[in-house]
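A short worksheet on the structure shown next.
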Amino acid sequence: MSGGRASQDASPNGLHASPTELRQSPDGLHASPSELRQSSDGLHVSPSESHASPAAVVEADSAEQQASPGARGVSPTPQDAASTTSPRSARQGANVHAWVELLRLPALFTVPGDALAGAAAAGARPNPRTLVAIASSLCLYEAGMALNDWADRAEDAVDRPHRPLPSGRISPTAALAAAGGLTAAGLALASTAGRRPLAVAGALAATVWSYDLVLKRTPAGPVAMAAARSLDLLLGGVAANGDIRRALPSALALGTHTLAVTTVSRHETQGGSPWAPLSGLATTAALAWSITRDGTERDRQPGRDRRLGRDLHAGQDRHAGGARQPGGARKQPGRDRKSGPDWQSGGARPPGRAAATAANLVSLRGALAAVYAATAARPLFHAALNPSPQLTQRAVGGGIRAMIPLQAALAARSGAPVTALLTAALAPAARRFGRKVSMT
């Protein structure tokens, strides 16, 4: 145009407006000074209103562009909704995820089985005190997790800088405070179950703190961690008022597995020799064999199984015509209830049913032992072939997950199939959440 370029961009479409001509609408309609289509909704303005300065037109159009989608009559897109997320909400979500990573929450699914297997091995049924023992164990376990990262913060800054403490997502002071608070909560919960549970929980807490602060990098480290797992199982036994001596074999089995896993974990950041995974494989095979073999009398529940044997013999004698009294007289079936329950009246199981129950327990115990061996052995075998940090970490994670079927198998060996099945039901959840947050 002649006379110089006095027009300015009036819309995002790049249309130009001059004093004599203004292309205002997106469909290319021309507006004369006597008529101007001012907006996309077809509103008309008077000639006096059409003489707005180019700067005013630009400002109005910019304000329209910056308006929210809802204000322009357009439904918000997912991108618009995401852009409106407040920074505070984003920070809170990141902080929660950092704590989940610090405490390794998927590993919590391996804790309830300790108390459940301990109660079964001690010859007691789970009761409300068992739930208290589980809650106490969860607190002490998470205290150990927070304390572990606090003690390893300098090492993690080199080997695993993505961890919550070296990355700065959680402060060391907060992690140490969490460890102290969770320890106090675990001891307080154990005290509500009695003095004996409190004593075992106190020994467990002392072992956890000693391991993280002193013993972890010494030859006694794996032994201390194994002792902690064994004490956790015994905590469930004493909380249920069971015989703690009968729970010792199961505690020893769980501690042996923990010893092997902890030995492998000492090489998870830098790799190492294949001897640690190979020893873990040997330990897994030995434990699986010990669980599948016929249970001895000490592994059974002290009251129920022995009473079952007496009742079976008494039922067979009565079914044959009555048991002989000390004076030579025969006692008629069902006449003297105090001498023992009659299996025909429901006091004890009939011989055929007892045999079927025993066979089912053997099958359940064997199946759980096979699941335990498969869960632990496969990643250990891979780490033995190639002891790289990545495969070693997988072997450690597999060993942690294998604790659940091991606990279930120990409960089944103690004659508690329901407890065994409840414990085994935790394995899928541990595997699922373990894919999102590392257990190691």
Side-chain angles (χ1 to χ4, degrees), residues 96 99-122 124 126-152 164-165 170 172-216 221 223-242 244 247 250-251 254-255 258 262 400 403-404 407 423 426 430 433 437 439:
V96 169
W99 280 100
V100 169
E101 187 178 350
L102 173 71
L103 299 177
R104 299 171 177 85
L105 290 187
L108 282 181
F109 293 99
T110 69
V111 177
D114 289 346
L116 293 174
N127 53 49
R129 289 160 59 96
T130 306
L131 297 178
V132 173
I134 292 175
S136 175
S137 298
L138 291 172
C139 290
L140 295 176
Y141 187 85
E142 291 293 41
M145 289 296 183
L147 185 63
N148 175 78
D149 274 33
W150 182 85
D152 291 348
L165 265 64
I170 297 177
T173 302
L176 183 61
L182 288 168
T183 301
L187 294 176
L189 287 168
S191 65
T192 63
R195 293 182 178 179
R196 293 176 63 200
L198 177 59
V200 177
L204 174 58
T207 304
V208 169
W209 281 74
S210 298
Y211 170 80
D212 285 332
L213 299 181
V214 180
L215 302 176
K216 184 176 182 178
V223 178
M225 180 58 70
R229 273 288 181 175
S230 298
L231 287 170
D232 200 30
L233 187 144
L234 296 178
L235 177 59
V238 297
N241 288 328
I244 192 173
S250 294
L254 185 62
T258 306
T262 308
I400 295 174
M403 289 183 181
I404 297 178
Q407 296 158 348
T423 303
L426 297 172
F433 291 101
V437 179
M439 292 186 178

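The two residues Pro172 and Leu165 have their closest heavy-atom pair at CA-CD2, 4.0 Å. Among all heavy-atom pairs drawn from Ala224 and Thr207, the shortest one is O-CG2, 3.3 Å. Closest of all the heavy-atom pairs between Ala119 and Ala240 is CB-CB, 3.9 Å. For Ala178 against Trp99, the heavy-atom pair with the smallest separation is CB-CZ3, 3.8 Å. What you find for Ala228 and Leu204 is that their closest heavy atoms are O-CD1, 3.2 Å. Of all heavy-atom pairs spanning Ala430 and Phe109, the tightest one is CB-CB, 3.7 Å.
Between Leu116 and Ile134, the closest side-chain pair of non-hydrogen atoms falls below 4.5 Å. In this structure the side chain of Trp150 never reaches within 4.5 angstrom of the side chain of Leu102, judged on heavy atoms. Residues Met403 and Val111 are not in side-chain contact: their nearest non-hydrogen atoms beyond the backbone lie 4.5 Å or more apart. At least one side-chain heavy atom of Leu235 sits under 4.5 Å from a side-chain heavy atom of Pro197. Side-chain contact between Leu105 and Leu108 is present, with at least one heavy-atom pair separated by less than 4.5 Å. Under the 4.5 Å side-chain criterion, counting only non-hydrogen atoms from C-beta, Ile244 is in contact with Arg196.
Of the possible polar contacts, one joining the Ser230 side chain to the Ala251 backbone as a donor-acceptor pair under 3.5 Å is found. In this structure a side-chain-to-backbone donor-acceptor pair under 3.5 Å is missing from Ser136 to Val132. Thr130 places a side-chain N or O within 3.5 Å of a backbone atom of Asn127 that can act as its donor or acceptor partner.
Distance CD1/Ile404 to CG/Asp114: 10.0 Å, rounded to 0.5 Å.
Listed by first then second residue, pairs satisfying side chain to side chain donor-acceptor pair (under 3.5 Å) with a partner in residues 100-112 read Glu101-Arg169, Arg104-Asp149, Thr110-Arg229, not counting sequence neighbours.
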With a 3.5 Å cut-off and sequence neighbours excluded, list the donor-acceptor pairs that the side chains of residues 137-148 form with protein atoms.
| from | atom 1 | to | atom 2 | distance (Å) |
| --- | --- | --- | --- | --- |
| Ser137 | OG | Ala133 | O | 2.9 |
| Ser137 | OG | Asp232 | OD1 | 2.5 |
| Asn148 | OD1 | Lys216 | NZ | 2.4 |

